[in-house]
Structures are given as structure tokens and as C-alpha cells.
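Remarks on the structure that follows.
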Amino acid sequence: MQKKFSIDYIAIPKHNQRVYTHLTDDPVEAEDFLMQLLASRARIKEIRHEGLALSGPQFNQMLKVAAERVASLLLREALDLDASEIKHRFGFAA
């Protein structure tokens, strides 16, 4: 059975061009995995939902949400703030 989300990525793009695929049915897990890829500077090649590649705006929106969550976590740790203060000061959801 096909998984709902497939994320193709290159783990270490400066040293390797092998494309890996992460499969999941859970949209939250897909977002969490995108956060890990962003934080590790992996190259994200493609995101598919139910076998179809996401269009530019859909792809961008998934990455935007993941990037905002990464930024929120970094700010929360760096400034020792709670989630509501991050939302108020920077506009990032917690």
C-alpha cells in the first residue's frame, strides 16, 4: 500500500548525490521530518502526496510551515521564551 507522503532528499549534498525517500502516512510526522532536513541542511528534492508531486505553492507552504517551526524552536531556546511570547514578538506559531 502506498504511503500518503513521500519526501525525496539528499542527506549530505556536498559529498553525496544519493536520493533517499522518507515515507509516512502522518502529515505531522512529514512536517517534523522536513524540520529535521532543514536543520541538517539536507537538499529536499520532492514532496509527494498520494503519489503526486506537490505543486510549487503546496511544496512552498509545507516548507514554510516547517521553517517557521524550526525558527520558533531556535528562538525559544536562544532567548528562553515561551511559545506565546515567540508568537507575540516574532509571529511564529509555537
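Computed over heavy atoms, backbone and side chain alike; hydrogens, waters and symmetry mates excluded.
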Could you report the tightest heavy-atom contact between [X] and [Y], atom names first, then the distance?
X   : Y   : answer
I7  : A30 : CD1-O, 3.7 Å
N16 : R18 : OD1-N, 2.8 Å
D25 : K4  : OD1-N, 2.9 Å
M35 : A66 : CG-O, 3.5 Å

pair [X]-[Y]: side-chain heavy atoms closer than 4.5 Å:
X   : Y   : answer
R69 : D32 : yes
Q61 : K64 : yes
R89 : L75 : no
I47 : L34 : yes
R76 : D82 : no

So, F5 versus F33, ring centres under 6.0 angstrom or not?
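Centroid separation for F5 and F33: 6.0 Å or greater.
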
Keeping E29 on the side-chain end and D26 on the backbone end, is there a donor-acceptor pair under 3.5 Å?
no

Does S40 reach the main-chain N or O of Q36 with its side chain, forming a donor-acceptor pair under 3.5 Å?
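Yes: the side chain of S40 pairs with the backbone of Q36.
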
Any carboxylate oxygen within less than 4.0 angstrom of a Lys/Arg side-chain nitrogen, looking at R48 and E50?
no

Would one find more than 12 heavy atoms of other residues, nucleotides or ligands at under 6.0 Å from atom CG of L79?
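Count over threshold, so yes.
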
Could you walk me through whether Y9 and H22 satisfy the side-chain contact (heavy atoms from CB on, under 4.5 Å) test, starting with their C-alpha distance in whole Å, then the side-chain angles of each, then the deciding distance to 0.1 Å, before giving a yes or no?
CA-CA 8 Å; Y9 64 98; H22 177 77; 4.2 Å; yes

